[in-house]
Structure formats: structure tokens, C-alpha cells
A.B. asks: 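Sharing a structure with you now.
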Protein chains: 2
Amino acid sequence: MPRSHSTHHHPPHADDAEPFTLEGLTESLRSKGLRMTGNRRAILQVLLQAEEPLGLEQIQSEAVRYARGGETPDFATVFRMMALLEELKLARKVNLGRASSFFELADSRHHRDHLVCTDCGTVTPLEESCPVETLERQIARKHGYTQVTHSLEFFGRCGDCSTGSPS
Amino acid sequence: MPRSHSTHHHPPHADDAEPFTLEGLTESLRSKGLRMTGNRRAILQVLLQAEEPLGLEQIQSEAVRYARGGETPDFATVFRMMALLEELKLARKVNLGRASSFFELADSRHHRDHLVCTDCGTVTPLEESCPVETLERQIARKHGYTQVTHSLEFFGRCGDCSTGSPS
DNA sequence: CCTTCAATTGCAAACGATTTGCTACAAAGC
DNA sequence: GCTTTGTAGCAAATCGTTTGCAATTGAAGG
């Protein structure tokens with residue numbers, strides 16, 4: 001499918017191959033009656049820059065660099081923004097096996113599989129994407145990891161729930 | 001590879017194809033100087049029976065059925081038992097996208113990929129295990145789910161950490 | 001069977017991360 | 001610039017998880 005050159009706003013979807021932009025995301029929010037504020041712009045810019053999933057505190061502290069006046073957005077603000085983006089399927093919570101949550105934008109540019117060290121917590125975004133079982137050993141060898149396991153879960157709406165609210 | 005008919009105890013490992021048994025698990029604990037108590041036996045039986053990952057409260061409440069005298073083990077006891085099994089790599093925490101944790105035994109009989117409904121939370125263990133990207137649509141169609149996404153993470157010890165403690 | 005010692009348990013308190021109520025603030029339309 | 005209504009900050013509440021401690025109980029040895 002040739003990519004449309006969207007001069008118009010067509011809100012990006014989770015399964016869209018197209019990378020998210022500040023403009024596109026802004027438009028996605030606007031079209032829902034939501035407002036683009038300094039905080040939100042800063043948070044989005046942090047997420048757009050991210051090379052790996054970020055925790056709420058990371059997002060909060062990095063947002064300073066994009067905010068005017070160097071104001072740090074409140075923690076609750078970051079929390080609510082991420083909950084909002086998740087709701088709109090523009091961002092995802094990533095399971096890194098930690099107590100707290102990590103987030104990434106839901107486009108293909110930012111969605112990666114990750115290699116997490118259970119010891120030091122290092123997160124390595126993977127380039128590949130293939131059969132899991134087979135890959136486990138390859139990934140282990142390639143990255144010099146040991147005791148590699150994987151966690152693979154699917155999320156979606158079941159038939160019953162799909163018929164209910166269209167969402 | 002022909003399966004050995006283990007009359008002897010050889011503690012089961014995480015990547016062992018052989019299903020866990022109450023006896024084998026008991027021996028695994030014993031060999032570590034740990035004790036097999038009524039609580040633990042009950043919890044293990046719950047896990048052995050499970051067809052899908054269970055939360056701590058589920059484990060606790062179902063344990064009643066295996067405990068003598070119908071005593072419910074304390075929540076903390078269940079928590080500590082699961083932490084222990086995780087430590088020994090006999091059980092795993094599973095990411096179901098919920099706030100609380102879910103567990104399953106770490107053998108092939110119990111380790112499954114899952115399909116989780118983001119709406120009602122229904123957990124469907126999958127029989128298949130193949131390339132993720134390709135499978136997403138197939139799984140969606142087969143189970144009547146929509147908006148299917150997946151979460152795939154790898155866990156292990158990185159080179160640096162591997163050299164440190166042997167664990 | 002009884003004793004001994006360390007592992008285990010229950011209880012309750014401590015924790016850490018997340019979530020929410022409320023009021024003041026500020027985007028965006030008019 | 002005024003109004004409407006979404007948003008931000010602050011602090012308190014919540015939720016799941018984790019831990020300290022004293023009492024209990026496996027299980028090995030006498």
C-alpha cells in the first residue's frame with residue numbers, strides 16, 4: 001500500500017506503519033476535544049526521542065529539557081498523560097519485569113522487543129523480530145546473555161467484548 | 001531424545017521438557033534445605049492443577065481445597081512461597097497487563113503464551129507457539145479477538161552480570 | 001517418642017507505586 | 001479579553017507488595 005501523504009489530519013493508529021510526529025499526535029488529541037499544553041508537548045517530545053521504554057519519573061525529569069522555563073511537570077500530570085495516551089492506544093505500557101511501569105509510543109518506530117537483564121536491569125532494544133522459541137538461543141549468544149527466557153503475551157478484545165462498545 | 005524414566009530425584013529445571021510433579025518439586029525444595037509443609041504442598045498442588053496463571057489471592061483461596069483442616073494459608077505465606085519458587089526458577093511471574101502479579105510453574109506443561117482480553121480480562125492459554133508478527137492476525141481471527149497486540153520481552157543475565165555471581 | 005534447632009508462619013506494620021479529589025490555572029473559541 | 005472547560009499541582013488515599021518479629025512446627029538425632 002502506497003503511503004498517503006496526509007496533509008489532512010488522519011489520527012495515527014497503533015498498527016500504523018507511519019512514525020508518530022508531534023504534529024500528528026497533537027492533532028490526535030485535539031480531535032478528541034483535548035488540549036495541547038506545554039506539559040503535554042514536552043512529554044510527547046520526550047517520548048518521541050526515546051530509544052527505549054521510559055518510566056514515569058524518567059519522563060518527568062526529561063520533560064524539563066523541552067518545557068519552557070524549565071518547569072518540571074507534576075508527577076500526577078505525567079501519570080495522567082500516559083494513562084490518556086494508553087487509553088487512546090497511542091502509547092503502551094511495557095513489561096520490563098520491574099515494579100514500576102515503563103512506556104513507549106505505540107508506533108513501529110518505538111515498539112521494539114527488549115532484552116532485559118534480570119540482574120542489573122539493562123534494557124537492550126532488539127532489531128530482530130522472529131519466531132520466539134528459536135530465537136531465544138540466538139539472542140542469548142549474540143548478546144552474551146545467559147539464562148534467557150522470554151515473556152510473550154497477546155492483548156486484544158475478545159468476541160464478546162468486541163460486540164459491546166465499539167471503542 | 002528418549003525420556004529418562006527418573007526413579008532417582010534429579011531436580012527439575014526451568015527448561016526441562018518433563019512436567020513437574022509434587023514429588024519432584026518437594027525434592028527440589030528438600031535438597032536446598034527447605035521444608036515441605038502443609039501450606040507449601042497445598043500451594044504446589046494448586047499450581048500443578050492450574051490451567052492458567054494464578055494471582056496470589058487465587059492461589060491462597062484455592063489452596064484451601066488441598067489443605068488439611070481447610071485452613072487458608074496466610075497471604076504473606078503464599079507471597080513468600082511464590083518468591084521462593086521464582087528464586088529457584090521453578091515458577092514464573094507472568095505479565096497479564098494487570099496491576100497485580102500472576103504466576104505459573106516454569107515447566108513446559110504450564111508455560112503457555114496467553115491471549116488476554118483488555119476489556120474483561122479473560123485469559124486464554126494458546127496451544128501454538130510461532131513467529132509473533134505473523135501469528136498476531138491468525139490468533140486474532142482464530143479466537144475472534146480484535147485489536148490484538150503482543151508483548152514480548154526477553155529476560156536473562158547480561159555478560160557482565162554472568163561473570164559476577166554464578167547463581 | 002522426645003528433644004532440639006532452624007525453617008516457616010501469621011499478624012500487623014511498613015513500603016512503594018499508583019491513583020484520585022479538589023481548587024486554581026490556562027487553552028482555545030468567540 | 002472574556003468565557004468555557006479541560007488541565008495542573010498538591011496532597012491525601014489506595015492498592016499491591018514486602019518485611020519484622022514472636023510463636024509455631026518440620027524433621028533429624030537421640
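Values below: all heavy atoms of this structure, side chains included; hydrogens, waters and symmetry mates excluded. Just so it is clear: chains get the letters A, B, ... in the order the sequence lines come, proteins before strands, and each one is counted from 1.
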A.B. asks: Is the backbone N or O of A/Pro73 less than 3.5 Å from a side-chain atom of A/Thr77, with the two atoms forming a donor-acceptor pair by type?
C.D. replies: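 Not confirmed, A/Thr77 side chain does not pair with A/Pro73 backbone.
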A.B. asks: Step by step, work out the side-chain contact (heavy atoms from CB on, under 4.5 Å) result for B/Ile43 and B/Glu62.
C.D. replies: CA-CA 8 Å; B/Ile43 292 171; B/Glu62 289 194 31; over 6 Å; no
A.B. asks: Give the rounded distance in Å between these two atoms: CG of B/Leu84 and P of D/dT18.
C.D. replies: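 Between P of D/dT18 and CG of B/Leu84: 14 Å.
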A.B. asks: Salt-bridged, A/Glu51 to A/Arg109, with N to O below 4.0 Å?
C.D. replies: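 A salt bridge is present here (some side-chain N lies under 4.0 Å from a carboxylate O).
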A.B. asks: For the side chain of B/Ala76, starting at C-beta, report the closest nucleotide among D/dT19, D/dA27, D/dG9.
C.D. replies: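 Shortest atom-to-atom distance from the side chain points to D/dT19.
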A.B. asks: Ignoring the backbone of B/Met36, work out which of C/dT8, D/dC21, D/dA27 is nearest its side chain.
C.D. replies: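 Output: D/dA27.
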A.B. asks: How is B/Arg98 classified with respect to the nucleic acid when contacts are heavy atoms under 4.0 Å: base, sugar-phosphate, or nothing?
C.D. replies: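 The residue B/Arg98 makes no contact with any strand.
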A.B. asks: Please state how far atom NZ in B/Lys32 lies from atom C1' in D/dG26, giving the value in whole angstrom units.
C.D. replies: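 In whole Å, D/dG26 C1' lies 19 Å from B/Lys32 NZ.
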A.B. asks: Among the nucleotides C/dT9, C/dT19, D/dA8, which one has an atom lying closest to any side-chain atom of A/Phe79?
C.D. replies: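 The nucleotide sitting nearest to the side chain is C/dT19.
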A.B. asks: Send over the distance from A/Glu57 CD to C/dT19 P, rounded to a whole Å.
C.D. replies: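 A/Glu57 atom CD is separated from C/dT19 atom P by 14 Å.
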A.B. asks: Would a distance-only check, ignoring hydrogens and angles, find a side-chain to backbone donor-acceptor pair under 3.5 Å from A/His111 to A/Glu104?
C.D. replies: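 No; zero donor-acceptor contacts below 3.5 Å.
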A.B. asks: So which nucleotide from C/dT8, C/dA27, C/dG10 ends up closest to the side chain of B/Arg40?
C.D. replies: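 So the side chain of B/Arg40 is nearest to C/dT8.
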A.B. asks: Select from A/Asp74 and B/Phe103 the residue whose nearest nucleotide in DNA chain D is closer to the 5' end of that strand.
C.D. replies: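 This one resolves to A/Asp74.
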A.B. asks: State whether B/Thr37 places a side-chain N or O below 4.0 Å from either non-bridging phosphate oxygen (OP1 or OP2) of D/dT25.
C.D. replies: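 It does not, given that no N or O in the side chain of B/Thr37 lies less than 4.0 Å from OP1 or OP2 of D/dT25.
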A.B. asks: In whole Å, I'd like the distance from the CZ atom of A/Phe102 to the C1' atom of C/dT18.
C.D. replies: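 In whole Å, C/dT18 C1' lies 14 Å from A/Phe102 CZ.
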A.B. asks: Which nucleotide sits closest to the side chain of B/Leu56: D/dT17, D/dG9, C/dT19?
C.D. replies: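 So the nucleotide nearest the side chain must be D/dT17.
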A.B. asks: Atom CZ of A/Arg30 and atom C1' of C/dA28: how far apart are they, to the nearest Å?
C.D. replies: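 Taking CZ of A/Arg30 and C1' of C/dA28, I get 8 Å after rounding.
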A.B. asks: Looking only at side-chain N and O atoms, does B/Asn39 come under 4.0 Å of OP1 or OP2 in D/dG26?
C.D. replies: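 B/Asn39 to D/dG26 OP1/OP2: no side-chain N or O under 4.0 Å.
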A.B. asks: Mapping B/Thr72 and B/Gly33 to their closest nucleotides on DNA chain C, which lands nearer the 5' end?
C.D. replies: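 It is B/Gly33 whose nearest nucleotide is closer to the 5' end.
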A.B. asks: B/Arg35 side chain: which of D/dG26, D/dG6, C/dG10 is closest?
C.D. replies: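 Within the option list, the nearest is D/dG26.
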A.B. asks: Give the nucleotide from the list D/dT4, D/dG16, D/dT19 with an atom nearest to the side chain of B/Ser100.
C.D. replies: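 Within the option list, the nearest is D/dG16.
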A.B. asks: Rounded to whole Å, how long is the line connecting atom CG of B/Leu88 with atom C1' of C/dA7?
C.D. replies: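 So the CG-C1' distance, B/Leu88 to C/dA7, works out to 14 Å.
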A.B. asks: Quick one about A/His114 and A/Glu52 (side-chain donor to acceptor, distance below 3.5 Å, no hydrogens or angles considered), yes or no?
C.D. replies: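 On atom types as modelled, these side chains do not qualify, holding no pair under 3.5 Å.
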A.B. asks: A/Leu29 has an atom CG; how far is it from atom P of D/dG6, in whole Å?
C.D. replies: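 Distance, rounded to whole Å: 14 Å.
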A.B. asks: Classify the nucleic acid contact of A/Arg41 as base, sugar-phosphate or nothing, counting any heavy atom under 4.0 Å across all strands shown.
C.D. replies: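 Here A/Arg41 touches no strand at all.
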A.B. asks: Tell me the interatomic distance from A/Lys93, atom NZ, to C/dT19, atom C1', rounded to whole angstroms.
C.D. replies: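 A/Lys93 atom NZ is separated from C/dT19 atom C1' by 11 Å.
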A.B. asks: Report the distance from atom OH of A/Tyr66 to atom CG of A/Asn39, rounding to the nearest 0.5 Å.
C.D. replies: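 It comes to 15.0 Å.
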